[in-house]
*Asks:* 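Below you'll find the structure I mean.
Not measured: the values here are computed from a predicted model. Chain naming here is simple, since letters A, B, ... match the order of the sequence lines and numbering starts at 1 in each.
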Amino acid sequence: MKRKPGVSMTSARTNTENGNTLVIVTGPTGIGKTELCLEIARKLGAEIVSADARQFYRELKIGTAVPTPAQLNEVKHHFIGHLSIHDYYNVSIFEQQVIELINSLFAKNPYVLLCGGSGLYIDAVCKGLDDLPTVCPETRAWVEKVYRTQGLEKLRLWLKKVDPIYYTQVDLANPNRIIRAIEVFQSTGIPMSQLRTSLPKERPFMIKTIILERPRMELFERINNRVDQMVADGLIEEAVSLFRWKNLNALNTVGYQELFDWLSGKYSLPNALEKIKTNTRRYAKRQITWFKKYHDALRVNPDRIDAIMEYIRGCSP
RNA sequence: GGUACCAUAGCUCAGUAGGUAGAGCAACGGACUGAAAAUCCGUGUGUCCCUGGUUCGAUUCCGGGUGGUACCA
């Protein structure tokens, strides 16, 4: 649960002998990652790997602010639109695929860009995940059904019985965490608390992390404007076309759920659009909180391209 | 111009039979290991419009301003 003090989150154990560098560009949604990454990629001749867990899905374009076709054409991007919303996917698969990919990309260029705002996915690339099982859908459905029919307290008691240690560590108000721990035990017979080591994996490359920042008010204004732009670009039509799949996990996403609620008659369209803005702002806030633990990163305004390039090219991280 | 009503948190409003105040939303802070744009936890941030008066004490009662709304001219 608690991370060991002093262990870096983003470049814990790296082998820097070969000089290969993974440049991570992250920050809250709407800060300007896409534009900046494109410019960095041009300067370095590097390719871009997305760390944005919603841009994976090819059906989600407008609402997830994927790069334009022109941008995608100019610089090679990976992990954008490589999945359908009907596919199963998770962070662990991402970790394996990205590590494999970037190691092959280093054969062409000493720099690879990892660009996106999904903190858990970035952590998976930087320090890896423990060897936890991916459980079969039946097991999850079973545990979920117990939660729905018998409530959270029932799950807590279940967890207390199968993993009393994790019971004292986990957020007991968060159903997702408890469900996960139970399903891990049910499918392996090993308690979650034994499988979690939290030991960072060694990566055969250097990591430099850039966290983009702007004044809060400026960021929120950009977010509000971007939502308006998405609507002008056809977000509503996109949501309407996906309405029948509204229960898929990939569509449990800001920008879609609010419009689905409107389509279900829950509230008016102007209300739905206002809620998209609010929920996007909250998402940005959660991201900002997450990135606060990246202690060894460069925190910079995306306009300061010169400082950013100097940081990337500089000898000392 | 006259009459009535209103003025309290960023917004919409409640309240204090006189003892410096609280809801919703917004906002802010935090957690996070295969659902992560997900999921979950925590926090009131206030010249109670201004100014005199009464009072031990006024956001509350009274007078006068100012601003707003409605109706009458």
*Asks:* Taking the P atom of each, how far is B:G19 from B:G24, in whole Å?
*Replies:* 24 Å
*Asks:* Please report the distance, rounded to the nearest Å, between CG in A:Leu251 and P in B:A36.
*Replies:* 12 Å
*Asks:* Between A:Phe79 and A:His82, how do the two ring planes meet: parallel, tilted or perpendicular, split at 30° and 60°?
*Replies:* perpendicular
*Asks:* Rounding to a whole Å, what distance do you find between A:Lys201:NZ and B:G34:C1'?
*Replies:* 11 Å
*Asks:* Once hydrogens and angles are ignored, does a donor-acceptor distance under 3.5 Å link the base of B:U39 to the side chain of A:Asn176?
*Replies:* no
*Asks:* Nearest-Å distance, CD1 (A:Ile178) to P (B:C41)?
*Replies:* 11 Å
*Asks:* Would you mind telling me which of B:G34, B:C41, B:U39 lies closest to the side-chain atoms of A:Ala173?
*Replies:* B:C41
*Asks:* Starting at OH of A:Tyr256 and ending at C1' of B:A38, how long is that distance when rounded to a whole Å?
*Replies:* 15 Å
*Asks:* Looking only at non-hydrogen atoms, find the nearest pair between A:Thr26 and A:Gly116 and report the distance.
*Replies:* OG1-O, 2.7 Å
*Asks:* Against A:Tyr89, only a single residue in A:Phe56, A:Tyr57, A:Tyr121 fulfils ring pair (Phe, Tyr, Trp, His ring centres under 6.0 Å); can you say which?
*Replies:* A:Phe56
*Asks:* Please give the distance between the C1' atoms of B:C61 and B:U54 as a whole number of Å.
*Replies:* 8 Å
*Asks:* Kindly indicate whether the side chain of A:Ser198 and the base of B:U33 share any N or O donor-acceptor pair separated by less than 3.5 Å?
*Replies:* yes
*Asks:* So, for A:Asn301 and A:Ile308, which heavy atoms are closest and what is the spacing to 0.1 Å?
*Replies:* O-CD1, 4.1 Å
*Asks:* Find the distance A:Leu129:CG to B:A36:P and express it as a whole number of Å.
*Replies:* 13 Å
*Asks:* How far does CD1 of A:Ile179 sit from CD of A:Glu183, to the nearest 0.5 angstrom?
*Replies:* 7.5 Å
*Asks:* Are any protein N/O atoms closer than 3.5 Å to N/O atoms in nucleotides 28-30 of chain B? If there are, list each pair with its distance.
*Replies:*
from  : atom 1 : to       : atom 2 : distance (Å)
B:C28 : OP1    : A:Arg216 : NH1    : 2.7
B:G29 : OP1    : A:Arg216 : NH2    : 3.4
B:G29 : OP2    : A:Arg216 : NH1    : 3.3
B:G29 : OP2    : A:Arg216 : NH2    : 3.4
B:G29 : OP2    : A:Lys285 : NZ     : 2.9
B:G29 : N7     : A:Lys285 : NZ     : 3.1
B:G30 : OP1    : A:Lys292 : NZ     : 3.0
B:G30 : OP2    : A:Thr289 : OG1    : 3.4
B:G30 : OP2    : A:Lys292 : NZ     : 2.8

*Asks:* Given B:U33, B:A35, B:C32, which nucleotide is nearest the side-chain atoms of A:Ile179?
*Replies:* B:A35
*Asks:* Assign the ring pair A:Phe106 / A:Phe205 to parallel, tilted or perpendicular, where the plane angle (0 to 90°) is split at 30° and 60°.
*Replies:* tilted
*Asks:* Round to the nearest Å and state the distance from A:Tyr267 atom OH to B:G24 atom P.
*Replies:* 19 Å
*Asks:* Does A:Glu144 pair with A:Arg140 as a salt bridge, N-O distance under 4.0 Å?
*Replies:* no
*Asks:* May I ask you to verify whether the side chain of A:Arg282 and the base of B:A26 hold a donor-acceptor pair under 3.5 Å?
*Replies:* no
*Asks:* Does A:Tyr283 have any side-chain contact (heavy atoms from CB on, under 4.5 Å) partners at least two apart in sequence or in another chain, and if so, which?
*Replies:* A:Thr29, A:Arg286, A:Gln287
*Asks:* Just need the stems in RNA chain B: three or more back-to-back Watson-Crick or G-U pairs, each with both distances under 3.5 angstrom, sorted by first number.
*Replies:* B:1-7 with B:66-72, B:10-13 with B:22-25, B:27-31 with B:39-43, B:49-53 with B:61-65
*Asks:* Would you name the heavy atoms of A:Lys61 and A:Glu238 that are closest together and state the gap between them?
*Replies:* N-OE2, 3.2 Å
*Asks:* Take atom C1' in B:U59 and the same atom in B:C50, then report the distance between them in whole Å.
*Replies:* 13 Å
